[in-house]
Amino acid sequence: MTSNGPAAPIHHSVLVVGAGPAGLSAALALRAAGLDATVLERRGPGAVRPGSRAAYLHGSSLVALEKLSPGLGHEIAGEGVMWSTKRSFWAGKEIYSKTYPPLLREGLPPFTSLPQVRTEDLMVAACRERGVQLHWDAEVSSAEISADGVRLTDTSGRTWTADYVIAADGSRSPLRSAAGIPLEGPRSQNTFVIVDLDDDPAHPVPIERVFHYHHPGVDGRNVLIVPFAGGWRVDLNLLVDDVPDTFTSPEGLRRWIPKVLPAAYGDRVRWVSTYRFAQQVAAHFTDEHRRVLLTGEASHLFAPFGARGMNSSIPDAIRAVDAVREALSAKDAAAAGAAVDRFARERKEAAEYNRACASAALEHMLADSRAVRLRRRTAAALAAVGRKAGEWLDSAPYGPKLAARGAARTSY
Ligand SMILES: Cc1cc2nc3c(=O)[nH]c(=O)nc-3n(C[C@H](O)[C@H](O)[C@H](O)COP(=O)(O)OP(=O)(O)OC[C@H]3O[C@@H](n4cnc5c(N)ncnc54)[C@H](O)[C@@H]3O)c2cc1C
């Protein structure tokens with residue numbers, strides 16, 4: 001007998017929605033745990049997402065990815081760049097520099113800088129090698145969540161059912177909406193212009209991270225310059241009354257980029273984007289039935305200073321898989337729910353900590369309060385005579401260090 005109706009859904013123990021860093025990490029963690037991994041992704045295969053996204057991966061992320069898929073951490077580090085010198089300037093005058101030896105951890109560098117699109121390509125290749133089922137062009141359009149599991153429907157009408165869903169579907173997360181979970185927290189009022197520039201071998205620039213307070217070439221705005229493999233990220237901190245278009249138009253870019261890098265870079269723009277950074281965390285990291293686990297930007301949005309977004313999405317995904325594995329083998333529903341609850345509590349605590357760190361960095365950058373302005377000015381005056389003041393000015397735009405609180409547990 002034949003049927004013309006839609007195919008019956010295939011049931012999965014776990015489904016992952018979203019093939020960004022969180023979803024791909026979850027898929028690799030599932031395979032590393034010996035579980036099947038199926039990912040539903042809205043984009044088509046090979047579709048590149050426009051705009052600047054992560055570049056800076058901490059050593060702890062490289063170590064984690066290496067554990068999930070041996071060779072992956074080394075591959076990413078091998079393609080990325082690392083610098084051993086960082087500098088800060090105040091109104092055009094150097095106030096601090098430090099050159100440090102590259103210390104390896106488990107054979108991996110302390111960080112690497114590689115465009116997120118390339119890191120994702122390497123993660124997708126690792127997923128393929130490890131037997132992850134990647135379904136491209138599979139946009140989840142609705143989710144029914146009950147005590148028995150989750151039923152997803154995609155835009156082509158296919159249905160998918162699962163005991164658990166790892167939601168890695170980004171900042172607008174349809175899964176988070178279906179679970180009725182709000183994001184809570186503010187958004188910065190200032191606009192940041194982020195420009196990715198292709199390297200120009202004819203005009204080499206030293207591979208160093210440089211931060212300028214009050215750069216004289218851009219009328220005293222702050223500028224952060226970070227290398228990545230194949231180019232440079234320039235982050236211009238606009239003032240509240242600035243009109244972003246005057247900085248992001250081709251003429252605008254040709255006007256101000258040559259003031260902060262060699263002139264030729266004004267014509268080497270790969271992406272230009274403007275952001276008002278959100279500092280938001282989901283009210284809960286799971287739904288009332290403990291069947292959907294929120295990870296990555298589905299559960300938190302941070303300003304990128306300190307690079308806590310993608311770097312915390314990886315442990316989110318790993319912990320979500322641990323929890324699902326525990327729940328699947330739990331003796332009863334209460335124990336299964338408790339495993340998911342533990343994940344939700346731990347990762348919410350980590351996200352709140354990360355948001356606090358990113359907020360401290362953002363507050364320092366914007367200097368909206370008189371107290372911060374005074375502290376920065378005093379440190380700049382003292383930096384000529386005392387190294388500590390310069391060191392503080394150099395590090396404050398990135399927020400507190402990882403080791404500040406329970407690093408091994410939940411900081412990222
Ligand atoms: C300018 C900028 C710089 C940054 N720099 C850094 C940095 O240096 N270091 C760092 O750690 N972080 C950085 N971040 C943050 C980082 O980019 C994010 O934290 C990271 O992308 C989050 O990954 P994710 O997988 O949660 O979400 P995403 O990367 O957004 O992936 C979500 C995926 O879900 C898919 N999807 C969405 N809806 C559906 C649906 N309905 N059905 C199926 N699939 C769906 C999307 O297509 C996408 O592939 C930066 C961000 C910005 C904007």
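Numbering of ligands and ligand atoms starts at 1, following listing order.
In terms of protein heavy atoms, atom 25 (O) of ligand 1 is closest to A22 N, 2.9 Å. Looking from atom 46 (C) of ligand 1 to the surrounding protein, the closest heavy atom is E41 OE2, 3.5 Å. Ranking protein heavy atoms by distance to atom 12 (N) of ligand 1, first place goes to M310 N, 3.0 Å. Given atom 45 (C) of ligand 1, the protein heavy atom at minimum distance is R42 CB, 3.7 Å. Nearest non-hydrogen protein atom to atom 50 (C) of ligand 1 is A54 N, 3.7 Å. Taking atom 16 (C) of ligand 1 as the reference point, the nearest protein heavy-atom neighbour is Q116 OE1, 3.6 Å. The shortest contact between atom 9 (N) of ligand 1 and any protein heavy atom is with Y56 O, 3.1 Å. What sits closest to atom 23 (O) of ligand 1 on the protein, heavy atoms only, is P21 CD, 3.4 Å.
Counting atoms of ligand 1 from 1 in the listed order, those under 4.0 Å from a heavy atom of L40 are 43 (C), 44 (N). Counting the atoms of ligand 1 from 1 in the order shown, those under 4.0 Å from a heavy atom of G20 are 25 (O), 31 (O), 33 (C), 49 (O). Of all atoms in ligand 1, listed by their number and element, those nearer than 4.0 Å to a heavy atom of G296 are 26 (O). Below 4.0 Å from some heavy atom of G18 lie the following atoms of ligand 1, by number and element: 33 (C), 34 (O), 35 (C). The ligand atoms of ligand 1 that sit less than 4.0 angstrom from a heavy atom of N311 are 9 (N), 10 (C), 11 (O). Those atoms of ligand 1 with a heavy atom of V17 less than 4.0 angstrom away are 42 (N), 43 (C). Ligand-side atoms of ligand 1 in range of G170: 27 (O), 30 (O), 32 (C), range being under 4.0 angstrom from any heavy atom. In summary, the atoms of ligand 1 found under 4.0 Å from a heavy atom of I194, numbered by their order in the structure, are 1 (C).
Selection from W136, Y275, F111 by nearest heavy atom to atom 1 (C) of ligand 1 gives Y275. The closest non-hydrogen atom to atom 42 (N) of ligand 1, taken over I314, N354, V39, V140, comes from V140. Residue nearest to atom 29 (O) of ligand 1, selected from R233, E297, E139, R53: R53 (by heavy-atom distance).
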Which pairs of donor and acceptor atoms, one on a side chain in residues 33-48, lie under 3.5 Å apart (sequence neighbours left out)?
from: E41; atom 1: OE1; to: A19; atom 2: N; distance (Å): 2.6
from: E41; atom 1: OE2; to: R43; atom 2: N; distance (Å): 2.8
from: E41; atom 1: OE2; to: R43; atom 2: NE; distance (Å): 3.2
from: R43; atom 1: NH1; to: A47; atom 2: O; distance (Å): 3.3
from: R43; atom 1: NH2; to: A19; atom 2: O; distance (Å): 3.3

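Using cut-offs of 30° and 60° for the angle between ring planes, the W160 and H12 rings count as tilted. Between F192 and F305, the ring planes lie tilted relative to each other; the angle falls in the 30° to 60° range. Using bins of under 30°, 30° to 60° and over 60° for the plane-to-plane angle, the ring pair H212/H215 lands in the tilted bin.
A salt bridge is absent between D394 and R387; no separation between the charged side-chain nitrogens and carboxylate oxygens falls under 4.0 Å. Under 4.0 Å is where a charged nitrogen must lie from a carboxylate oxygen, and between E391 and K98 no such pair does. The existence of a salt bridge linking R233 and D196 is confirmed by a sub-4.0 Å separation between a basic side-chain nitrogen and an acidic carboxylate oxygen. Salt bridge absent: K86 and E208 never bring a charged side-chain N and a carboxylate O closer than 4.0 Å. Salt-bridge annotation for R172 and E297: absent, with no side-chain N of the basic residue lying under 4.0 Å from a carboxylate O of the acidic one.
Contact annotation for F302 and ligand 1: no heavy atom of the residue comes within less than 4.0 Å of the ligand. When non-hydrogen atoms are compared, ligand 1 lies under 4.0 Å from the side chain of P304 (C-beta onward) but not from its backbone. Of all the heavy atoms of H300, none lies under 4.0 Å from any atom of ligand 1, so neither backbone nor side chain is involved. With a 4.0 Å cut-off on non-hydrogen atoms, A168 touches ligand 1 through its backbone and not its side chain. Using a 4.0 Å cut-off between heavy atoms, A138 contacts ligand 1 through its backbone alone, with no side-chain atom that close.
Between the side chains of S156 and D154, at least one donor N or O sits under 3.5 Å from an acceptor N or O. Donor-acceptor pairing under 3.5 Å is lacking for the side chains of T155 and S141.
Between P174 and ligand 1, a contact under 3.5 Å exists for no N or O pair.
A heavy-atom distance below 4.5 Å is not found between the side chains of R221 and Y213. A 4.5 Å side-chain heavy-atom check between V281 and K348 finds at least one atom pair inside the cut-off. Looking at heavy atoms from C-beta onward, L293 lies out of side-chain contact with F285 at the 4.5 angstrom threshold.
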Self-check item: Steps toward ring pair (Phe, Tyr, Trp, His ring centres under 6.0 Å) verdict (Y100, W83)
Solution: CA-CA 9 Å; Y100 38 89; W83 50 90; 8.8 Å; no
Using ring pair (Phe, Tyr, Trp, His ring centres under 6.0 Å), reason through H364 and W392 one step at a time and then give a plain yes or no. CA-CA 11 Å; H364 180 89; W392 177 74; 5.0 Å; yes
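Between R172 and ligand 1 there is no heavy-atom distance shorter than 4.0 Å. Residue R49 places a heavy atom under 4.0 Å from ligand 1.
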